[in-house]
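The residues of the chain are indexed from 1 along the displayed sequence.
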Amino acid sequence: MIVIPHTDTRRTETPGGVMTTLASPTQGGASLALWRVEVPADTAGPLHFIDVEQIWTVLSGRIDIAIEGSEITAAEGDTVILPANALRQVRTGEGFAAIVTAQAGARAGTPGSDSTVVPPWIA
């Protein structure tokens, strides 16, 4: 059993928001990563894909996700399961906070790029 103290969380700021890593392999060997996402109003993240399934639960606010030609909306209390390798863009008009989980080591990429990276909040 592992307890990760609040003081050991990692905060990563990007132009699209703040990710706070709550659990990951670098924090004690978890096979899953768990992080909190906080995004301010009127923000759109980049068009990208993740190579594994992700599960998002909205804690507050609302998110709009363009995914593979469809549009979905999720509000406080809703959970969204995003499939692996689906091209997506997360947007919000009012801002949101969510908890997200995915397999540790998941890789992200953008259309037209030949490379992928492990985002720091997943490592």
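- Judged as a salt bridge (charged side-chain N to carboxylate O under 4.0 Å, His left out), and not counting sequence neighbours, Arg107 has no contacts.
- Looking at every heavy atom in both residues, Pro5 comes nearest to Val3 through CD-O, 3.3 Å.
- Take Pro111 and apply the side-chain contact (heavy atoms from CB on, under 4.5 Å) test, not counting sequence neighbours, and it matches Leu47, Leu87.
- Here the shortest heavy-atom pairing between Pro25 and Ala123 reads CD-C, 4.0 Å.
- In this view, Leu32 and Thr101 satisfy the side-chain contact (heavy atoms from CB on, under 4.5 Å) rule, not counting sequence neighbours.
- Remark: Thr73 pairs with Asp64 by the side chain to side chain donor-acceptor pair (under 3.5 Å) rule, at least two apart or across chains.
- With rounding to the nearest 0.5 Å, the separation of CH2 in Trp121 from OG1 in Thr21 is 8.5 Å.
- Counting side-chain heavy-atom gaps under 4.5 Å among Ile, Leu, Val, Met, Phe, Trp and Tyr, the cluster of Val52 also holds Ile50.
- Sorted by first then second residue, the salt bridge (Lys or Arg N to Asp or Glu O under 4.0 Å) pairs that include residues 89-106, not counting sequence neighbours, are Glu71-Arg91.
- Between Thr110 and Phe49, the closest side-chain pair of non-hydrogen atoms is not below 4.5 Å.
- Placement of Leu82 and Val118 within a single hydrophobic cluster is found when ILVMFWY residues are connected by side-chain heavy-atom separations under 4.5 Å, directly or transitively.
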Considering only distance and modelled atom types, tabulate donor-acceptor pairs under 3.5 Å from the side chains of residues 74-81, sequence neighbours left out.
{"from": "Asp78", "atom 1": "OD2", "to": "Ala75", "atom 2": "N", "distance (Å)": "2.8"}
{"from": "Thr79", "atom 1": "OG1", "to": "Thr57", "atom 2": "OG1", "distance (Å)": "2.9"}

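- Looking at Glu13 and Glu38, their side chains never come closer than 4.5 Å, going by heavy atoms from C-beta outward.
- When the side chain to side chain donor-acceptor pair (under 3.5 Å) test is applied to Ser113, the partners found at least two apart in sequence or on another chain are Ser115.
- Heavy-atom minimum distance, Pro40 versus Gly17: CD-CA, 4.3 Å.
- With sequence neighbours left out, the side-chain contact (heavy atoms from CB on, under 4.5 Å) criterion links Leu59 to Arg36, Ala97, Ile99.
- A donor-acceptor distance shorter than 3.5 angstrom exists from the side chain of Gln27 to the backbone of Asp8, with no hydrogens or angles considered.
- Cluster annotation: Leu22 is not connected to Ile122 through the hydrophobic network of ILVMFWY side chains, with a link wherever side-chain heavy atoms come within less than 4.5 Å.
- In this structure, the side-chain contact (heavy atoms from CB on, under 4.5 Å) partners of Ala23, at least two apart in sequence or on a different chain, are Ile4, Leu34.
- Taking the salt bridge (charged side-chain N to carboxylate O under 4.0 Å, His left out) definition, one finds that Arg10 meets it with nothing, sequence neighbours left out.
- Considering Thr92, Thr14, Val90 as possible partners of Val39, the one that fulfils the side chain to side chain contact (heavy atoms under 4.5 Å, CB included) test is Thr92.
- Annotation: the span from Gln89 atom CD to Ile65 atom CD1 amounts to 10.5 Å, rounded to 0.5 Å.
- Atom CD of Glu53 is surrounded by more than 12 heavy atoms from other residues, nucleotides or ligands within 6.0 Å.
- Residues Met19 and Trp35 have side chains in contact (heavy-atom distance under 4.5 Å, counting atoms from C-beta outward).
- Cluster partners of Val18, using a side-chain heavy-atom cutoff of under 4.5 Å among ILVMFWY residues and allowing indirect links: none.
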